[in-house]
Peer 1: 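Take a look at the following structure, please.
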Amino acid sequence: MDIEETHAAIRLPEGNWWDWDVVAWDGGEFRLAAGHDLAYHHGLELVFGDPFFVSCPSAFYDPTFRAPTADELLRVTRQVGETPPVVIAFEADAGGQEPISCLIAAERFDVVQESVLRYWREGAGSDQRFAPWVRSPDQQAVSG
């Protein structure tokens, strides 16, 4: 099978995924969050397990996902020493005059669709979780 065929463009679930940002990044995981307005919550996360290569701004708008080009695949392969199982490419509005080209390569990839609150709320439903930086007032008093 041709390498370009194994790295096709991703398809997002139906929804208003206009506003995007990096919600978490550590050595083992890179997470992009999306929603129609990220001030209070987001409803979609793209989770990249064991990322090899990340080239994208920390916040952007209205991405257009596409299959990576042969040149992009070659660039990533040369930089990491092997062809990663997951390579995601997209163009996005990062506030400049032209869209920015973004590229992410990782070992694994998952799409998580659920409500994630970006602020503390008593009585949050079992179908909701909190963004990594959100702390209850009790947790803030202990750590603050």
Side-chain angles (χ1 to χ4, degrees), residues 1-121 124-137 139-140 142-144:
M1 180 183 298
D2 188 325
I3 190 169
E4 291 178 48
E5 291 176 16
T6 66
H7 293 92
I10 63 169
R11 295 197 199 299
L12 299 178
E14 289 296 319
N16 187 353
W17 316 124
W18 182 77
D19 203 2
W20 291 74
D21 71 2
V22 175
V23 72
W25 191 357
D26 63 30
E29 189 175 86
F30 178 72
R31 283 182 180 255
L32 291 174
H36 69 278
D37 179 355
L38 297 182
Y40 300 107
H41 61 86
H42 63 266
L44 182 75
E45 291 182 353
L46 303 186
V47 182
F48 298 88
D50 296 322
F52 296 108
F53 180 90
V54 175
S55 177
C56 76
S58 61
F60 52 91
Y61 307 97
D62 201 21
T64 301
F65 291 91
R66 59 175 175 75
T69 65
D71 286 343
E72 288 170 329
L73 289 171
L74 183 59
R75 174 179 161 209
V76 170
T77 300
R78 284 183 176 159
Q79 289 189 358
V80 302
E82 62 183 277
T83 302
V86 176
V87 180
I88 305 289
F90 58 96
E91 315 308 323
D93 176 355
Q97 293 183 0
E98 299 288 326
I100 186 167
S101 290
C102 303
L103 193 61
I104 302 171
E107 187 68 34
R108 294 176 314 284
F109 172 72
D110 289 303
V111 176
V112 178
Q113 189 173 8
E114 67 180 327
S115 181
V116 180
L117 299 174
R118 292 173 166 244
Y119 66 97
W120 176 252
R121 188 177 105 190
S126 60
D127 62 336
Q128 298 176 317
R129 67 179 163 91
F130 294 102
W133 61 85
V134 176
R135 300 286 180 258
S136 72
Q139 290 173 317
Q140 290 175 353
V142 171
S143 65

Peer 1: To the nearest 0.5 angstrom, please state how far the CD atom of E91 sits from the CG atom of D62.
Peer 2: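 So the gap between those two atoms works out to 12.0 Å.
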Peer 1: Is V22 close to V54 at the side-chain level, that is, under 4.5 Å between some pair of heavy atoms?
Peer 2: no
Peer 1: How long is the straight-line distance from CD of E29 back to CZ of F48, given to the nearest 0.5 Å?
Peer 2: 11.0 Å
Peer 1: Under the rule for ring-ring contact (aromatic ring centres under 6.0 Å, His included), what residues qualify as partners of F65, not counting sequence neighbours?
Peer 2: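 Only W20, F90 meet the ring-ring contact (aromatic ring centres under 6.0 Å, His included) criterion with F65.
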Peer 1: Does a side-chain heavy-atom distance below 4.5 Å link L38 with V23?
Peer 2: no
Peer 1: Nearest 0.5 Å, please: how far is CG in N16 from CG in L44?
Peer 2: 11.0 Å
Peer 1: Heavy-atom distance under 4.5 Å between the side chains of L32 and W17, does that happen here?
Peer 2: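 Not in contact.
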Peer 1: Could you check if a side-chain atom of F52 sits within less than 4.5 angstrom of a side-chain atom of V76, using non-hydrogen atoms only?
Peer 2: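 They are not in side-chain contact.
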Peer 1: Where is the tightest heavy-atom contact between W18 and H36, given as atom of each residue plus distance?
Peer 2: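 Minimum heavy-atom separation between W18 and H36: CE3-O, 4.3 Å.
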Peer 1: Quick one, P51 and W25 - any side-chain contact, counting heavy atoms below 4.5 Å?
Peer 2: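 Yes. Closest side-chain heavy atoms under 4.5 Å.
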Peer 1: Side chains of Q79 and P84: closer than 4.5 Å at any heavy-atom pair?
Peer 2: no
Peer 1: Only distances under 3.5 Å count here; give the side-chain donor-acceptor pairs of residues 104-119 to other protein atoms, sequence neighbours excluded, each with its distance to 0.1 Å.
Peer 2:
| from | atom 1 | to | atom 2 | distance (Å) |
| --- | --- | --- | --- | --- |
| R108 | NH1 | D50 | OD2 | 2.8 |
| E114 | OE2 | R129 | NE | 2.5 |
| E114 | OE2 | R129 | NH2 | 3.3 |
| R118 | NE | H42 | ND1 | 3.1 |
| R118 | NH1 | D21 | OD2 | 3.1 |
| R118 | NH2 | D21 | OD1 | 2.8 |
| R118 | NH2 | D21 | OD2 | 3.4 |
| R118 | NH2 | H42 | ND1 | 3.3 |

Peer 1: Within a reach of under 6.0 Å around CD of E14, are more than 12 heavy atoms found that belong to other residues, nucleotides or ligands?
Peer 2: no
Peer 1: Supply the atom-to-atom distance L73 CG to L103 CG, rounded to the nearest 0.5 angstrom.
Peer 2: 8.0 Å
Peer 1: Does any part of the side chain of H41, heavy atoms only, come nearer than 4.5 Å to the side chain of Q128, both counted from C-beta?
Peer 2: no
